[in-house]
Protein chains: 2
Amino acid sequence: MFSVPTRTQYGIRALVHLARSFVQVPLSSDSDEEARGAQAVVTSAEIARTEAISPKYLEGILVQLKAAGLVVAERGKNGGYRLSRPPETIRMSDVIAALEGEVRPVDCVESSGVCAQGGSCLPRRFWLGLKAAIDGYLSSKTLRDVIDA
Amino acid sequence: MFSVPTRTQYGIRALVHLARSFVQVPLSSDSDEEARGAQAVVTSAEIARTEAISPKYLEGILVQLKAAGLVVAERGKNGGYRLSRPPETIRMSDVIAALEGEVRPVDCVESSGVCAQGGSCLPRRFWLGLKAAIDGYLSSKTLRDVIDA
DNA sequence: TATATTCCCAGTAAGCCGATAGGAATTGTG
DNA sequence: CACAATTCCTATCGGCTTACTGGGAATATA
Ligand code: FES
Ligand code: FES
């Protein structure tokens with residue numbers, strides 16, 4: 001019950017991997033190229049290897065994470081991925097949202113009156129409470145909390 | 001994300017329906033038959049009709065609920081279902097467990113070491129925390145809380 | 001016997017999920 | 001420029017789950 005798809009598990013493991021090799025970019029460095037070079041980009045293939053994830057599958061997940069602005073990609077040779085910002089500023093609710101969209105236990109979280117009870121549906125409040133509990137936990141944890149738990 | 005199957009939603013709506021027509025059995029009544037007759041059994045078909053649920057589908061769900069001991073069935077003519085005990089003694093975690101089994105966001109809630117990190121896997125603790133948050137909410141609510149929320 | 005009901009088992013259509021394949025676009029390097 | 005390494009895009013496939021339907025057996029009442 002409430003099983004999380006592997007897509008999400010893989011995404012989080014990839015982010016954890018990136019977070020562990022994250023170093024702050026030194027401000028006002030002499031050249032951007034050197035700063036980027038020092039910035040420890042990790043290739044998708046390397047993450048897939050050390051985490052034992054299907055390489056091609058992981059590629060798509062990283063693209064998705066990039067589209068959400070959580071990671072930054074350097075294309076071309078010697079390219080790879082790095083975190084877009086420090087791990088303590090990335091809430092796990094953002095990660096879940098990027099990989100799976102809004103937490104919605106039942107369809108009637110937004111539009112009520114789906115079931116027979118009409119506007120004031122009893123079960124609906126129960127589901128809304130569950131959503132609040134889940135969202136509360138997810139947004140209370142950051143990627144930093146996960147990597148040094 | 002975290003979408004709950006209709007099976008579970010239907011099951012809860014059926015239980016809510018039964019809980020609203022639940023009356024305490026008078027203790028030491030003269031005859032069991034009269035007590036049962038007064039006990040407001042509701043047929044599966046009636047629940048399906050007023051809740052607008054596929055009748056045949058709901059039948060199976062009620063059988064499942066009965067197997068878990070949450071409802072009691074009277075077979076034969078004039079039969080139907082009733083709650084096996086007062087709504088305030090039925091935790092929603094029991095209901096979820098009956099309909100879907102244990103809350104298990106990822107497979108590694110029990111056996112660790114599935115992912116590369118070995119025994120002390122970081123993401124795993126995060127998932128365990130999520131499971132605790134969900135379980136905590138579910139076991140804090142009873143069927144009574146749901147029907148008079 | 002007739003009727004109403006729970007109960008059991010089987011099947012089906014559609015959708016999702018994890019994974020794979022092939023290649024285009026981009027960028028550093030000799 | 002040629003090559004290699006990498007991100008990125010699109011399409012597809014097999015397997016599994018889900019929601020639902022159907023047919024009827026068992027059970028109880030009248
Ligand atoms: S409106 Fe969603 S359960 Fe009633
Ligand atoms: S053991 Fe489950 S995520 Fe690592």
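Regarding A/Glu74, its CD atom lies at a distance of 9 Å from the P atom of C/dG28, rounded to whole Å. Residue A/Arg49 contributes atom CZ, which lies 13 Å from atom P of D/dA5 at whole-angstrom precision. Atom CE in A/Met1 sits roughly 15 Å away from atom P in D/dT17 (whole-Å rounding). Taking atom NZ on B/Lys77 and atom P on C/dC7, their separation rounds to 18 Å, with Å as the unit. Rounded to whole Å, atom C1' of D/dT18 lies 14 Å from atom CG of B/Leu99. Between A/Tyr81 atom OH and C/dT27 atom C1' there is a gap of 14 Å when expressed in whole angstrom units. Going from atom CD of B/Glu59 over to atom P of C/dA10 covers 17 Å, rounded to whole Å. In this structure, A/Arg13 atom CZ and C/dG18 atom P are separated by 13 Å, rounded to whole Å.
To the nearest 0.5 Å, atoms CG (B/Leu70) and CD (B/Gln64) are separated by 10.0 Å. A/Leu65 contributes atom CG, which lies 8.5 Å from atom CG of A/Leu18 (distance to the nearest 0.5 angstrom). Note that NE2 of B/His17 is 14.5 Å distant from CZ of B/Phe22, once rounded to the nearest 0.5 Å.
Between B/Lys66 and C/dC7 there is a side-chain polar atom (N or O) within less than 4.0 angstrom of OP1 or OP2. For A/Asn78 and C/dT29, the shortest distance from a side-chain N or O to OP1 or OP2 is below 4.0 Å. Contact check, B/Tyr57 against C/dT12: no side-chain N or O comes under 4.0 Å of OP1 or OP2. The phosphate of D/dA19 (OP1 or OP2) has a side-chain N or O of B/Thr6 nearer than 4.0 angstrom.
Heavy atoms of A/Gly60 sit nowhere under 4.0 angstrom from any nucleic acid atom.
For B/Lys56 against D/dG24, a side-chain-to-base donor-acceptor contact under 3.5 Å is present. Judged by atom type and distance alone, A/Arg75 reaches the base of D/dT7 through a side-chain donor-acceptor pair under 3.5 Å.
Mapped onto DNA chain C by nearest heavy atom, B/Leu62 and A/Val4 fall at different nucleotides, with B/Leu62 at the one closer to the 5' end. The residue among B/Gly76 and B/Pro55 whose nearest nucleotide of DNA chain D is located toward the 5' end is B/Pro55. Each of A/Val63 and B/Ser54 was assigned the nucleotide of DNA chain D with the nearest heavy atom; the assignment lying further toward the 5' end belongs to A/Val63.
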Listed pairs under 3.5 Å, donor-acceptor, residues 90-101 of chain A side chains, sequence neighbours left out:
unit_1	atom_1	unit_2	atom_2	d
A/Arg91	NH2	A/Asp94	OD1	3.2
A/Asp94	OD2	A/Arg91	N	3.4
A/Glu100	OE2	A/Thr8	OG1	2.5

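Every residue two or more places apart in sequence or in another chain was checked for a ring pair (Phe, Tyr, Trp, His ring centres under 6.0 Å) with A/Phe2, and none qualifies.
Taking the side chain of B/Tyr10 as heavy atoms from C-beta on, and the options D/dC20, D/dA30, D/dT7, the nearest nucleotide is D/dC20.
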